[in-house]
Each structure stands twice: as C-alpha cells, then as structure tokens.
*Asks:* 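The structure is given below, and queries will be raised subsequently.
Below, each value reflects all heavy atoms present in this structure, side chains not excepted, and no hydrogens, waters or symmetry copies.
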Amino acid sequence: MSGKRMQAEWNGKVIAEGETVVVEGNHYFEDGARKKEYFKPSQHTSVCGWKGTASYYSIEVDGKTNDNACWYYPTALPAAKNIENRVAFWKGVKVSPAS
C-alpha cells in the first residue's frame, strides 16, 4: 500500500479515491474506490508479459469521454496478483494525494 489516500481526477471530477498499490509508478486503486457512474466498459485490451491481459474502461464526465483511460487486470499473472482487479489511470487522469 502507498499508506496514503490518493484520488484520481479527470475533467474536474474526482473519479476514484482510496489507498493504492504502486507498481511501475502507477497507482492501482481498489475497484470499489472508483465512482462507477463515470466508467463505461471498453472492448480494448493489451498484454503485459508479467502482469497479464489488461481490460479497459472509458471515462465519461459531463458529456466528455476519455477512451480507454482506465485499465485493470481481471486475471493477473502470479507476479501481479497484488493488483488483480485494481484500476489504474493514464491519458490525462491526474492522481494526487486526496484532499
């Protein structure tokens, strides 16, 4: 754990808040930390050699969409079990200490 509450913000809204696990500089939030009303499942996937196949969500806030800006590993490989089903962000989503 990072030991500190973090928040993810995009388009002026906090879309996730909670303690995180940091892997390769990315903060992974528990799935329950995300505000589900802002997330839409995506068909996009990608593969990491040691973490497994990532699935994605697009983020929708106030009529704007950030495609595939959130990812998670629904079935992580053994070396990444600590982030299985946790969500991380990119594409302009700001992660910072919770206020």
*Asks:* Working to the nearest 0.5 Å, report the span between CD1 of I83 and OG1 of T20.
*Replies:* 12.0 Å
*Asks:* Could you check whether any side-chain heavy atom of I59 comes within less than 4.5 Å of a side-chain heavy atom of F39, counting everything from C-beta outward?
*Replies:*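 Touching, per the 4.5 Å side-chain cut-off.
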*Asks:* Classify the side-chain pair Y73/R86 by whether it contains a donor and acceptor separated by less than 3.5 Å.
*Replies:*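 Their side chains do not contain a donor-acceptor pair, so the 3.5 Å distance test is not met.
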*Asks:* Considering residues at least two apart in sequence or located in another chain, which fulfil the side-chain hydrogen bond (donor to acceptor under 3.5 Å, both in side chains) criterion with Y56?
*Replies:*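 By the side-chain hydrogen bond (donor to acceptor under 3.5 Å, both in side chains) rule, Y56 matches S46.
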*Asks:* Assess the residue pair H44 and D67 against the criterion (side chain to side chain contact (heavy atoms under 4.5 Å, CB included)); give the C-alpha distance rounded to whole Å, side-chain angles, the decisive distance to 0.1 Å, and a yes or no.
*Replies:* CA-CA 9 Å; H44 185 71; D67 289 326; over 6 Å; no
*Asks:* Does Y28 share a hydrophobic cluster with W90, counting links as ILVMFWY side-chain heavy atoms below 4.5 Å and allowing steps through other members?
*Replies:* yes
*Asks:* Who are the salt bridge (Lys or Arg N to Asp or Glu O under 4.0 Å) partners of E17, not counting sequence neighbours?
*Replies:* R5
*Asks:* More than 12 non-hydrogen atoms from neighbouring residues, nucleotides or ligands closer than 6.0 Å to CD on E24, yes or no?
*Replies:* yes
*Asks:* With T65, which residues qualify under side-chain hydrogen bond (donor to acceptor under 3.5 Å, both in side chains), at least two apart?
*Replies:* none
*Asks:* Quick one: OG on S42 to OH on Y57, what's the gap to the nearest 0.5 Å?
*Replies:*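 Atom-to-atom, S42:OG and Y57:OH are 10.5 Å apart.
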*Asks:* Please report the interatomic distance CD(Q7) to OG(S99), rounded to the nearest 0.5 Å.
*Replies:*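 Between Q7 CD and S99 OG, I get 4.5 Å after rounding to 0.5 Å.
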*Asks:* Please name the pair of heavy atoms, one in K51 and one in C48, separated by the smallest distance, quoted to 0.1 Å.
*Replies:* CE-SG, 3.3 Å
*Asks:* Output yes when a side-chain donor or acceptor of N11 lies under 3.5 Å from a complementary backbone atom of V61, and no otherwise.
*Replies:*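 At least one qualifying donor-acceptor pair exists.
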*Asks:* Does K91 offer a backbone N or O that forms a donor-acceptor pair with the side chain of N66 under 3.5 Å?
*Replies:*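 Yes, the answer is positive, given that a donor and an acceptor are paired below the 3.5 Å cut-off.
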*Asks:* Looking only at atom types and distance, does a side-chain atom of S58 sit under 3.5 Å from a main-chain N or O of N68, one as donor and one as acceptor?
*Replies:* yes
*Asks:* What distance separates E9 CD from K94 NZ, expressed to the nearest 0.5 Å?
*Replies:*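 These two atoms lie 6.0 Å from each other.
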*Asks:* Linking I/L/V/M/F/W/Y whenever any side-chain heavy atoms sit under 4.5 Å apart, do Y38 and V14 land together?
*Replies:*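 No, because Y38 and V14 fall into different hydrophobic clusters, even though each may have its own neighbours under 4.5 Å.
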*Asks:* What distance do T75 atom OG1 and E84 atom CD have between them, rounded to the nearest 0.5 Å?
*Replies:*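 So the gap between those two atoms works out to 6.0 Å.
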*Asks:* Compare every heavy atom of P74 with every heavy atom of N85, then report the nearest pair and how far apart it is.
*Replies:*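 Looking at all heavy atoms of both residues, the shortest contact is OD1-CA, 3.4 Å.
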*Asks:* Minimum heavy-atom separation for W50 to A79, with atom names?
*Replies:* CZ3-O, 3.6 Å
*Asks:* So F89 and F29, would you call those rings parallel, tilted or perpendicular, with 30° and 60° as cut-offs?
*Replies:* perpendicular
*Asks:* K81 side chain to A76 main-chain N or O, any donor-acceptor pair under 3.5 Å?
*Replies:* yes
*Asks:* Indicate the atoms forming the closest heavy-atom contact of W10 with K64, along with that distance.
*Replies:* CZ3-O, 3.6 Å
